[in-house]
Asker: 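This structure is in structure tokens; I'll ask about it shortly.
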Number of protein chains: 2
Amino acid sequence: MTRDWRRGAAKPGAPAAKPPPVRSPTLRDVAQGAGVHPATASRALNPTTRDLVNEETASRVIQVAESLGYRPNPIARSLKTARSATVGLVLPDLTNPLFPPIVRGIEDILGPAGYNAWIVNTDNDPKREESQIQSLRSRHVEGLIIATARLEHPLLEQLHAHGVPMVLVNRRMATSDIASVTADDATGIATAVRHLVDLGHRRIAHLAGPQDTSTGRVRRRAFSQALRDHGLQDDPALVAECDYWTEGEGARAFRALLDRGSPFSAVIAGNDLLALGSYDVITERGLSCPRDISVVGYNDMPFIDKFRPPLTSLRVPHYEVGAESARLLLETLGTPNRHPRSVLLPVSLVVRQSTGPPDRPAVPRRGRSAHGS
Amino acid sequence: MTRDWRRGAAKPGAPAAKPPPVRSPTLRDVAQGAGVHPATASRALNPTTRDLVNEETASRVIQVAESLGYRPNPIARSLKTARSATVGLVLPDLTNPLFPPIVRGIEDILGPAGYNAWIVNTDNDPKREESQIQSLRSRHVEGLIIATARLEHPLLEQLHAHGVPMVLVNRRMATSDIASVTADDATGIATAVRHLVDLGHRRIAHLAGPQDTSTGRVRRRAFSQALRDHGLQDDPALVAECDYWTEGEGARAFRALLDRGSPFSAVIAGNDLLALGSYDVITERGLSCPRDISVVGYNDMPFIDKFRPPLTSLRVPHYEVGAESARLLLETLGTPNRHPRSVLLPVSLVVRQSTGPPDRPAVPRRGRSAHGS
DNA sequence: CCACCAATCGCAAACGATTGCGACGGCTCA
DNA sequence: TGAGCCGTCGCAATCGTTTGCGATTGGTGG
């Protein structure tokens with residue numbers, strides 16, 4: 001005698017006025033419809049346990065489930081299994097056009113694998129980052145894809161030590177060996193330098209990104225290395241650091257570069273936004289690109305081919321970066337103790353109109369600043 | 001062996017010598033620590049039920065909870081309460097730079113109210129949209145913010161009829177009265193037309209967006225109305241429709257416009273991407289903007305001031321649009337039967353260098369196409 | 001002095017799923 | 001014929017929290 005386990009057992013005395021609640025069907029409903037126990041229904045519906053139940057009953061259960069439009073409740077499942085089919089995606093700032101393609105790549109891989117991504121913004125604020133990650137963890141995300149890594153990042157190291165599966169995207173860390181997906185920045189920068197040298201440039205400047213990020217540092221080092229490889233002088237006066245990857249910082253640093261008085265005819269920016277900042281300053285000082293100064297960006301942001309002038313930039317396969325990081329994370333989730341792997345994706349130089357042969361030995365505008373002789 | 005990084009992976013073989021699991025503390029732990037029943041702890045921790053428990057015990061419970069670093073498990077809570085403190089955000093395409101600021105606005109309002117947003121992409125694919133929304137609902141999101149609405153949208157109407165709280169952002173629907181937040185497109189377009197008329201333009205074209213979206217249709221109608229208001233002829237030959245809000249569609253439609261042979265000296269694009277498409281064609285045909293043709297965009301996308309030439313555009317307060325839609329949704333969640341409200345946010349014209357006085361009666365390039373007489 | 005009430009708090013049943021374990025038949029094999 | 005095994009499937013516990021209800025206490029008014 002099957003006990004009536006249904007919660008809505010009609011109150012005795014109450015008329016059989018069946019008020020059909022819009023409540024979506026539960027596992028119990030399909031079990032009852034198929035005349036089996038919920039446990040059996042559960043096993044029948046789950047592909048990995050399906051062979052524990054008679055093939056005929058299984059298909060009957062499936063049949064009923066479909067006709068009822070049964071959708072398993074991910075919350076209940078999560079609670080029981082402590083798994084969530086969800087991964088967290090931690091971004092510094094969605095407004096940066098760099099990230100949407102990465103997100104797309106990630107989702108396109110995760111989706112077919114049955115996972116979804118929780119996207120959170122940190123605004124580059126470590127406090128916010130910590131609380132966001134905390135929130136993700138309490139939601140039982142199974143892994144993290146992190147685009148906010150700094151070279152020194154205690155929080156991430158701690159998570160990694162705790163065995164939290166994660167992969168860094170677009171960034172690497174100094175110490176820990178955490179899986180990461182980045183572009184081959186060293187080769188990219190070398191390509192850019194060669195391009196400029198081939199055009200005839202000899203004094204090339206660098207707008208370096210934040211030195212507490214791997215991209216900022218790797219690109220800066222690669223820059224120095226490439227100069228030396230070409231037998232050029234690696235003049236510290238031709239490198240200016242930016243504290244953030246923003247247009248404003250790019251402008252500030254580029255102004256500083258000009259004001260230092262060391263002549264240069266080309267600049268390689270740590271990324272496109274910094275390059276845009278230098279565009280602003282070039283206009284502001286009455287200079288012309290590429291006549292007075294050639295500019296190379298990094299990332300090949302969308303629409304950057306429509307800027308004035310169209311920016312020569314290094315194209316990073318962002319979509320692929322995202323996709324690859326998702327694949328890495330899935331691998332990690334599948335085989336936990338796998339040794340962390342890091343992949344390097346190729347970048348390519350897209351030559352547009354912001355680079356050209358040096359017009360003449362550039363005499364940087366000294367402004368009215370009276371510094372130096 | 002489930003890989004569960006939340007709870008300390010108990011080393012196998014370790015004696016049962018009180019292995020203090022790193023497992024995050026549960027309500028039971030707190031209750032036990034405070035010497036009360038979990039139910040009491042729950043009530044003490046919940047601000048709305050706190051007055052059901054003795055003030056002293058309440059503070060003791062809170063004390064213990066803090067010292068233990070207790071974080072309530074949202075999943076368990078969700079399961080029990082059928083609420084999730086989560087809303088779904090349905091976007092057509094995150095890659096469109098229009099959306100990140102909207103997302104920011106939404107998150108900035110939702111966050112302090114204790115809500116989080118699940119972001120999903122639909123790629124403008126109705127099938128995908130349906131499955132994504134289904135997925136959101138099964139996660140018990142409490143409401144939806146939807147940026148993918150078309151004028152006719154059975155799915156949304158059905159959800160609305162089912163009482164799903166939702167607000168449309170940047171779009172409205174034809175029939176249902178669903179809360180929405182949009183820009184004041186009619187006024188915006190009128191402003192643009194006046195700007196062009198003031199410059200001396202008399203034959204103005206329109207690159208219309210998809211006519212199954214409210215924005216596309218409203219802007220197109222406003223365009224015709226504004227022409228008439230200025231006593232100008234509303235020539236159907238000067239309106240070309242785009243099927244999508246993409247650069248490519250803009251280019252295609254603009255080519256068609258030129259090939260029709262009706263002269264015009266300015267064009268108002270349904271949005272910035274369409275305007276960019278016309279830029280491409282202007283270059284491709286050897287024309288010049290604004291000398292031959294003035295162009296006005298819509299949305300004032302980030303960085304669009306750096307295009308060639310800097311695009312005159314209508315600025316929509318996207319952040320505010322997002323924020324306002326979040327506020328609306330929160331209101332709806334707070335008072336379910338409230339009559340749906342729709343808000344219209346002001347837009348402003350940002351004049352840059354893509355608009356200027358007409359050089360001479362433009363003689364559109366007829367190309368080598370042999371169509372027509 | 002008893003009945004009643006308010007304030008507190010515990011009990012236990014949910015929420016919807018998963019899963020170890022054991023029950024039950026039917027079958028094989030010695 | 002009985003022991004043992006295998007295929008199926010039900011039982012019940014469990015995940016962590018919320019909440020209706022009832023029990024206990026102490027205080028109060030009649």
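Naming convention: chains lettered A, B, ... in sequence-line order (proteins, then strands); numbering from 1 in each chain. As a basis for the values below, the full set of heavy atoms in this structure was taken, side chains included, without hydrogen atoms, waters or symmetry mates. No experiment lies behind these values; they were computed from the predicted model shown.
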Asker: Just checking A:P72: base, sugar-phosphate only, or nothing, at a heavy-atom cut-off of under 4.0 Å?
Answerer: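 A:P72: backbone/sugar contact only, no base atoms under 4.0 Å.
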Asker: Between the side chain of B:T335 and the main-chain N/O of B:E331, is any donor-acceptor distance below 3.5 Å?
Answerer: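 Side chain of B:T335 to backbone of B:E331: a pair is present.
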Asker: Please pick, from D:dG16, C:dT19, C:dA17, the nucleotide with the shortest atom-to-atom distance to any side-chain atom of A:T81.
Answerer: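 Of D:dG16, C:dT19, C:dA17, C:dT19 is nearest to the side chain of A:T81.
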Asker: Rounded to whole angstrom units, what separation is found between the CZ atom of A:R50 and the C1' atom of C:dT19?
Answerer: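 Distance check: A:R50 CZ to C:dT19 C1' gives 17 Å.
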Asker: Kindly say whether B:T122 contributes a backbone atom to a donor-acceptor pair with the side chain of B:E129 at under 3.5 angstrom?
Answerer: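 It does not hold such a pair.
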Asker: Using the closest heavy atom to pick a nucleotide of DNA chain C for each, name whichever of B:E55 or A:R71 lands nearer the 5' end.
Answerer: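 The residue closer to the strand's 5' end, by nearest nucleotide, is B:E55.
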Asker: Please state whether the phosphate of C:dG10, meaning OP1 or OP2, lies under 4.0 angstrom from any side-chain nitrogen or oxygen of B:T40.
Answerer: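 Checking B:T40 against C:dG10: at least one side-chain N or O falls below 4.0 Å of OP1 or OP2.
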Asker: Report yes or no: does A:T81 contribute a side-chain atom to a donor-acceptor pair with the main-chain N or O of A:R77 at less than 3.5 Å?
Answerer: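 Judged by distance alone, yes, a pair lies under 3.5 Å.
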Asker: Closest-nucleotide mapping onto DNA chain D: is A:L52 or B:Y70 further toward the 5' terminus? I mean the 5' end.
Answerer: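 On the 5' side of the pair lies A:L52.
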Asker: Does a side-chain N or O from A:T26 land closer than 4.0 Å to OP1 or OP2 of C:dA17, or not?
Answerer: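 So the side chain of A:T26 is within the cut-off, an N or O lying under 4.0 Å from OP1 or OP2 of C:dA17.
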Asker: How close or far is atom P of C:dG10 from atom CD of B:Q32, stated in whole angstroms?
Answerer: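 Rounded to whole Å, this separation is 13 Å.
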Asker: Take atom CG of A:L45 and atom P of C:dG16, then tell me their distance rounded to the nearest Å.
Answerer: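 Between P of C:dG16 and CG of A:L45: 16 Å.
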Asker: Check the distance between D:dC15's C1' and B:L79's CG and give it to me in whole angstrom.
Answerer: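 Rounding to the nearest Å, CG of B:L79 and C1' of D:dC15 are 9 Å apart.
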Asker: What is the distance from CD1 of B:I75 to C1' of C:dA17, rounded to the nearest Å?
Answerer: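 To the nearest whole Å, that distance equals 12 Å.
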Asker: Could you tell me how far apart B:L27 (CG) and C:dA14 (P) are, to the nearest whole angstrom?
Answerer: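 These atoms are roughly 20 Å apart.
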Asker: If you pin B:H140 and B:G35 to their nearest nucleotides in DNA chain C, which one's is more 5'?
Answerer: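 First, find each residue's nearest nucleotide; the 5'-ward one identifies B:G35.
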Asker: I'd like to know if the side chain of A:H162 reaches the main chain of A:V164, judged simply by a donor and an acceptor atom lying under 3.5 Å from each other, with no hydrogens or angles considered.
Answerer: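 A pair under 3.5 Å: no.
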Asker: Can you see if the side chain of A:T57 gets near the phosphate of D:dC9 - specifically, an N or O under 4.0 Å from OP1 or OP2?
Answerer: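 Yes, because at least one side-chain N or O of A:T57 sits under 4.0 Å from OP1 or OP2 of D:dC9.
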Asker: Send over the distance from B:R83 CZ to D:dG16 P, rounded to a whole Å.
Answerer: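 Between P of D:dG16 and CZ of B:R83: 22 Å.
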Asker: Select one nucleotide: of C:dC11, D:dT18, C:dT18, the one nearest the side-chain heavy atoms of B:R77.
Answerer: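 The answer is D:dT18, which lies nearest to the side chain.
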Asker: Would a 4.5 Å heavy-atom cut-off, applied to side chains only, mark B:N121 and B:R128 as touching?
Answerer: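 Of all side-chain heavy-atom pairs linking B:R128 with B:N121, at least one is under 4.5 Å.
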Asker: Between B:D51 and B:R43, does any NZ, NE, NH1 or NH2 come within less than 4.0 Å of an OD or OE carboxylate oxygen?
Answerer: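 The answer is no: the pair does not qualify as a salt bridge.
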Asker: Could you check which of C:dG16, D:dG16, C:dT8 has an atom nearest any side-chain atom of A:R28?
Answerer: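 Shortest atom-to-atom distance from the side chain points to C:dG16.
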Asker: Using only side-chain N and O atoms of A:S42, determine if any of them is under 4.0 Å from OP1 or OP2 of C:dA17.
Answerer: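 Indeed not, no polar side-chain atom of A:S42 lies that close.
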Asker: Answer yes or no: side-chain N or O of A:R43 and base N or O of D:dG10 forming a donor-acceptor pair under 3.5 Å.
Answerer: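 Yes, a donor-acceptor pair under 3.5 Å.
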Asker: Rounded to the nearest Å, what distance is computed from the NE2 atom of residue B:H37 to the P atom of nucleotide C:dC9?
Answerer: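 My rounded result for the distance is 13 Å.
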Asker: Closest approach to the side chain of A:K80, judged atom by atom: which nucleotide of D:dT17, C:dC11, C:dT18 is it?
Answerer: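 Of the candidates, C:dT18 comes closest.
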